[in-house]
Amino acid sequence: MFEDLGKVILASSSQRRRELITKFNFNDLEIIEPSINEKKFIVQNSLSQSVKNIALNKALNVKKKIKHHLKPATIIAGDTIVYRAGKIL
């Protein structure tokens, strides 16, 4: 099912995301922690855009780290924002 993805790289430091991705049994899976300042990508008054910005920048950060890879890779990144009482926690 996932053969066309090539190497799959999870751009995350989340233990829960690690647990979830291993359930897919990818043939060639690597987990690389991104190093970004998430606060830098928060968009005022737009939680959905903030989550997209953070996930995209995690993927881009990991892409820079793996540019030495010679074979194609698929990078998976995501983010979760906890919002309560008008504040991002």
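The pair Arg18-Glu33 meets the salt-bridge criterion, with a side-chain N (NZ, NE, NH1 or NH2) lying under 4.0 Å from an Asp/Glu carboxylate O.
Atom CD1 of Ile54 sits about 4.5 Å away from atom CD1 of Ile81, to the nearest 0.5 Å. Between the CD1 atom of Ile66 and the CG atom of Asn61 there is a distance of 11.0 Å, given to the nearest 0.5 Å. One finds the CD1 atom of Ile76 at 7.5 Å from the CZ atom of Phe24 (value rounded to the nearest 0.5 Å). Lys63 NZ to Leu56 CG: the interatomic distance, rounded to the nearest 0.5 Å, is 10.0 Å.
Here the side chains of Lys40 and Ile36 are not in contact, with every heavy-atom distance at 4.5 Å or above. Taking 4.5 Å as the limit, some side-chain heavy atom of Asp79 sits within range of a side-chain heavy atom of Lys58. Counting heavy atoms from C-beta outward, Arg16 and Leu20 have side chains that approach closer than 4.5 Å. Residues Ile31 and Ile9 are not in side-chain contact: their nearest non-hydrogen atoms beyond the backbone lie 4.5 Å or more apart. Using a 4.5 Å cut-off on side-chain heavy atoms (C-beta onward), Lys65 and Ser35 make contact.
Of the options Thr74, Asn27, Asp28, a side-chain hydrogen bond (donor to acceptor under 3.5 Å, both in side chains) to Lys7 is made by Asp28 and by none of the others.
Annotation for Ala55 and Gly78: closest pair CB-CA, 3.8 Å, computed over non-hydrogen atoms.
Connection of Leu60 to Ile75 is not established within any shared hydrophobic cluster, with ILVMFWY side chains joined at heavy-atom distances below 4.5 Å, either directly or through further cluster members. Both Leu10 and Val8 sit in one connected hydrophobic cluster of ILVMFWY residues. Membership requires side-chain heavy atoms under 4.5 Å apart, directly or through other members.
Under 3.5 Å, the side chains of Arg17 and Thr80 contain a donor-acceptor pair of N or O atoms.
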